[in-house]
S.K.: 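Take a look at this one; I'll ask things after.
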Protein chains: 2
Amino acid sequence: MHPPTVEDVARAAGVSRQTVSNVLNAPQRVRPETRARVETAIEQLGYRPNRVAQSLRAATSRMIGYRIEPMHPHALGSIHDRFLHALAEAGRAADRHLLLFTADDPQDEVANVQALHRAGAIDGVVLYGIQSGDPRPPGLRQLRIPFAAFGRTGADAEHPWVDIDNAAGTAAAVEHLVTGGHRRIAFVGYPQGAAVGDRRADGWRTALDQHGLLDGSHHLDLRGEDSLATGSRLAEVLLDHPTPPTAVVAATDTLAAGVLRTVRQRHARLAVVGFDDTPTAGALDLSSVRQPIEAVGHAMIRALLGPVPGETPGEPTGQLLAPELIVRASSAPH
Amino acid sequence: MHPPTVEDVARAAGVSRQTVSNVLNAPQRVRPETRARVETAIEQLGYRPNRVAQSLRAATSRMIGYRIEPMHPHALGSIHDRFLHALAEAGRAADRHLLLFTADDPQDEVANVQALHRAGAIDGVVLYGIQSGDPRPPGLRQLRIPFAAFGRTGADAEHPWVDIDNAAGTAAAVEHLVTGGHRRIAFVGYPQGAAVGDRRADGWRTALDQHGLLDGSHHLDLRGEDSLATGSRLAEVLLDHPTPPTAVVAATDTLAAGVLRTVRQRHARLAVVGFDDTPTAGALDLSSVRQPIEAVGHAMIRALLGPVPGETPGEPTGQLLAPELIVRASSAPH
DNA sequence: ACACCTGATTTGAACGTTCAACACGACATT
DNA sequence: AATGTCGTGTTGAACGTTCAAATCAGGTGT
C-alpha cells in the first residue's frame, strides 16, 4: 500500500535498517555481497528515501524559497520567467528544489521567508529585483537566514550576490552602433536613482566618451518611466530636435518598443537597441542585450549554497556576468 | 540558538507538549486560562510549528508539484508565468505551497512526479499544457497520484480538470467583429489535431454560421505552425485572394502578431484579434481574448484538493471558465 | 592462549510533531 | 454510596531517517 521504507527493504534483504541506509549513503562500508542483495531489494520494492524524514533528521529541507511576483502590468514579459526556469534547472543539478511563495512587499517577503525558515520549510532564499537600498538583504542577514541576491544594493560587501554587467551591455550596444557608422547615439532610460538604470546609462556614456562622441550629446540623454508610452514620447522628442540622433540605446525592451513604434509610424531612420531580449524583442525585430540568465541561475545556487566543505571558505561574495548583444533588423546598417 | 519547539513552549508555560499542540490545533479542549498562558509563551519565544515534523507525522507535505517548462522559443511570452503566479496565490489561500521541478518531456514529468510523491515531497501535481491524448493523466491515475489538469485531453471524465472555454473566446471575437460591420472574417490557427486549436476554430466557425456568414468562407480558414513567420505568410495569402477578408481571428497572439506585421507593412485594412492577451498584445495594440487566469488558478487548487471532507463527494470532475475579449486598436472599427 | 585490532553489521536514540490512550478531579445520575 | 460522565491534562508511541555507540566474528601479533 504505502510506499516502502528502509525497514521494508531491510526485511526483504535480510539485513538491518542501518545497513540499507549505509548502502545508499556510505556504500564502501558494506560488503559487496550484502550491498548487491540490498540493491536488488531496493530495486524490487521501488524504494525511495522519504525526503521529509531525511529533512527532519538532518535539519535541512534542501528547499530554496523564491518569491514569485506579479507581472509588472506595463512590462513586456520580463526576464522573470526565464530566470525562474534557469534557477529551477540549476537547482536540479544541486539536488535542490524551489518553493514558491508570494508576498505583498519587501517587508512582507522578509516576514514570509522568516516564517518558512523557522518552520524548516526552506534552507535559504534567492532574491530577485534588488533595488539600491533594498531592505531585504540587511533584514535577512540580521535573521541569519542564508540568501543570495540577483543584483546589487550598493552595500553588498557582506552577502553573496550575482549581477549582470549592465554597463558592459549598453557599452556593447554603443560599440555595435559605432561600428555600423553611427555617431549621434542617444540613450533612453528610466530616471536616475534606480541602480540598474544608472549602470546602463553609465555604460552608454563611457562608451561614447571613449569614442570621443560625448561632446554635444547632452540633449541625447532622456529619461522617463519604464513604459511603452514613455518610449514613444521620448522618441518624438529626439526626432524633433534640430540635430536628431541616428541611433538609440534603450534601457529596456519596453522603452525600445515604444521608440520603435514612433519610428515606424513616422517612417524615420533610427537604429534602436533594447535591453533584456524579451520575447517581444524577437517579435519586433528589435536588437537587444541578452542577459546570460542560465549562467546567472547556476551562479546564484552556488552562491547560496556557499563554499563546499573542503574548499577554501574565503571566496568572493559577488560575481559579475557579461551580457551578450543580439543583433536584429532594428539596428542593421542601412 | 535553534528555533524553539513545542517542548520549549511547554516548559515556559508550565504545561506539557500536547497541551501546546492542543492550543494550536484544538483550542476548545484547553481551559481559557491555560490557553492564554501558552499563547503568551508562544508569542514570547516566537514559536512556529516545524512543517517538516508535521509532514512526517501527518504523511502529507502540503506541497503541490508543478513542472516549470522552458519557454517556447517562438512564443511571445506565454500565459505560463501569469498562470504560475495565479496558482501560487491560490495555493497561499489554501495553505499550500508550490514545489517547482523540471522535466525533459511528459514521460520524464510523470517519472519525476512519481519520485517526488514517493519521497513524500509533494501531495499532488498540477498539469499545464495538456494536449489531446496526453499521456500524463492516465499515467498519474494509474500511479494513484492526485492531480488536476489545466486543459482537456478528450478522455477526461475520470480526473479533475479546469479549462478555458476556447470556443467561446473566438466566438466572442467574431461577435465583436460582426458588430463592427465585418462580414468576411478569416481564421488563422494551427493545424488540426491540437485540441485547443480545434476548439478555437470551432468557436469561429459556429459564430460565423449563426450569422449566416459561413458560406463562401472556406478559403478563409488557414492553418500553420504557431509562429510569427507563419502568421505573416498566411496574412499574405489572405490579402492576395480575390475576395480578401476584412478581419482575422487568430488562434494565438503569436500568429496575430505575424498577421499584424504584414498588415502594417502593406498598409492593408484588416482588423485582427489575437488570443491569450500576452504582454506583447498590449505592445502591438492588438485586441486579444484574455483568459481568466486567476480564476483558473483557484479552480485548479480546489479541483486538486478535492471535495472538502463533509461536503458531498460527487462533485463534477471538470470546470469550464469563460474568457474575456480585450478590445484594442487592431480591431477598432475604421 | 591472550589481548588487540579491523571490518561488517546491529541496536539505541533522536529530529519535532500529533494521535491514542490513560489519569485525575469535579460533578451528575441511579 | 457506588457508578458514570465530562472536562482538562498528562504520557507513550509513532511517522522514516541517520548519527553514535555497541556487538560480533575473524584475523594478527606476541
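None of these values were measured; they are calculated from a predicted model.
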S.K.: Using only modelled atom types and a 3.5 angstrom limit, is any donor from either the side chain of Arg57(A) or the base of dT18(D) paired with an acceptor on the other?
M.R.: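 Present.
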
S.K.: Hey, is the main chain of Val15(B) close enough, under 3.5 Å, to the side chain of Arg37(B) for a donor-acceptor pair?
M.R.: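 No.
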
S.K.: Using a 3.5 Å distance criterion without hydrogens, assess whether the side chain of Asp8(A) forms a donor-acceptor pair with backbone atoms of Leu45(A).
M.R.: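 No.
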
S.K.: At less than 4.0 Å, is any side-chain N or O atom of Thr5(B) found next to OP1 or OP2 of dC15(C)? Yes or no.
M.R.: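 Looking at the OP1 and OP2 atoms of dC15(C), neither is under 4.0 Å from any side-chain N or O of Thr5(B).
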
S.K.: Nearest-nucleotide wise, let me know which of Leu56(B) and Arg31(B) is further upstream toward the 5' end of DNA chain D.
M.R.: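 Result of the comparison: Arg31(B).
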
S.K.: State which of dT17(D), dG9(D), dG16(C) makes the closest approach to the side chain of Asn50(A).
M.R.: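 In terms of side-chain proximity for Asn50(A), the closest of dT17(D), dG9(D), dG16(C) is dT17(D).
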
S.K.: If each of Arg29(B) and Val6(A) is mapped to the nucleotide of DNA chain D with the nearest heavy atom, which maps nearer the 5' terminus, i.e. the 5' end?
M.R.: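 Result: Arg29(B).
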
S.K.: Between Asp123(B) and Arg62(B), is a salt bridge (Lys or Arg N to Asp or Glu O under 4.0 Å) present by the stated rule, with each step listed?
M.R.: CA-CA 6 Å; Asp123(B) 294 337; Arg62(B) 286 182 295 169; over 6 Å; no

S.K.: What is the distance from CZ of Arg118(B) to C1' of dG16(D), rounded to the nearest Å?
M.R.: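 It works out to 15 Å between those atoms.
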
S.K.: Among side-chain atoms of Gln18(B) and Asn22(B), is any donor-acceptor pair under 3.5 angstrom?
M.R.: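 Yes, a side-chain donor-acceptor pair sits under 3.5 Å.
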
S.K.: Tell me what Val30(A) touches on the nucleic acid: a base, only sugar-phosphate, or nothing, going by heavy atoms under 4.0 Å.
M.R.: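 The residue Val30(A) makes sugar-phosphate contact but no base contact.
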
S.K.: Take atom CZ of Arg62(B) and atom C1' of dT18(C), then tell me their distance rounded to the nearest Å.
M.R.: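 Value for this atom pair: 13 Å.
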
S.K.: Can you tell me the distance, in whole Å, between the CD atom of Glu33(A) and the C1' atom of dA8(C)?
M.R.: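 Distance, rounded to whole Å: 12 Å.
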
S.K.: What parts of residues 13-26 of chain A reach DNA chain D, counting only heavy atoms under 4.0 Å away?
M.R.: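 Only Arg17(A), Gln18(A), Ser21(A), Asn25(A) qualify.
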
S.K.: For His2(A) and dG16(D), what is the distance between atoms NE2 and P respectively, to the nearest whole Å?
M.R.: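 Taking NE2 of His2(A) and P of dG16(D), I get 9 Å after rounding.
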
S.K.: Does Glu43(A), at its CD atom, have more than 12 non-hydrogen atoms belonging to other residues, nucleotides or ligands within less than 6.0 Å?
M.R.: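 For Glu43(A), atom CD is not crowded (no more than 12 foreign heavy atoms under 6.0 Å).
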
S.K.: Counting only N and O atoms by type, is there a donor-acceptor contact under 3.5 Å from the side chain of His97(A) to the main-chain atoms of Leu100(B)?
M.R.: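 Yes, the answer is positive, given that a donor and an acceptor are paired below the 3.5 Å cut-off.
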
S.K.: Is the ring pair Tyr128(A)/His80(A) parallel, tilted or perpendicular, if the boundaries are 30 and 60 degrees?
M.R.: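 Answer is perpendicular, since the angle exceeds 60°.
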
S.K.: For residues 37-45 of chain B, which residues have at least one heavy atom under 4.0 Å from DNA chain D?
M.R.: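 Heavy-atom cutoff 4.0 Å gives no residues at all.
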
S.K.: Using atom CD of Glu7(B) as one end and atom C1' of dT11(D) as the other, report the distance to the nearest whole Å.
M.R.: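 So the CD-C1' distance, Glu7(B) to dT11(D), works out to 11 Å.
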
S.K.: Name all pairs fulfilling the side-chain hydrogen bond (donor to acceptor under 3.5 Å, both in side chains) condition that reach into residues 147-164 of chain A, sequence neighbours left out, sorted by first residue then second.
M.R.: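 Listed by first then second residue: Arg152(A)-Asp163(A).
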
S.K.: Counting the atoms with a prime plus P, OP1 and OP2 as sugar-phosphate, which does Ser55(B) contact under 4.0 Å by heavy atoms, base, sugar-phosphate, or nothing?
M.R.: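 Nothing: the residue Ser55(B), judged by heavy atoms under 4.0 Å, touches no strand.
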
S.K.: Taking the six-membered ring for Trp, are the ring centroids of Phe101(B) and Tyr66(B) within less than 6.0 Å of each other?
M.R.: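 Between Tyr66(B) and Phe101(B), which both carry aromatic rings, the centre distance is not below 6.0 Å.
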
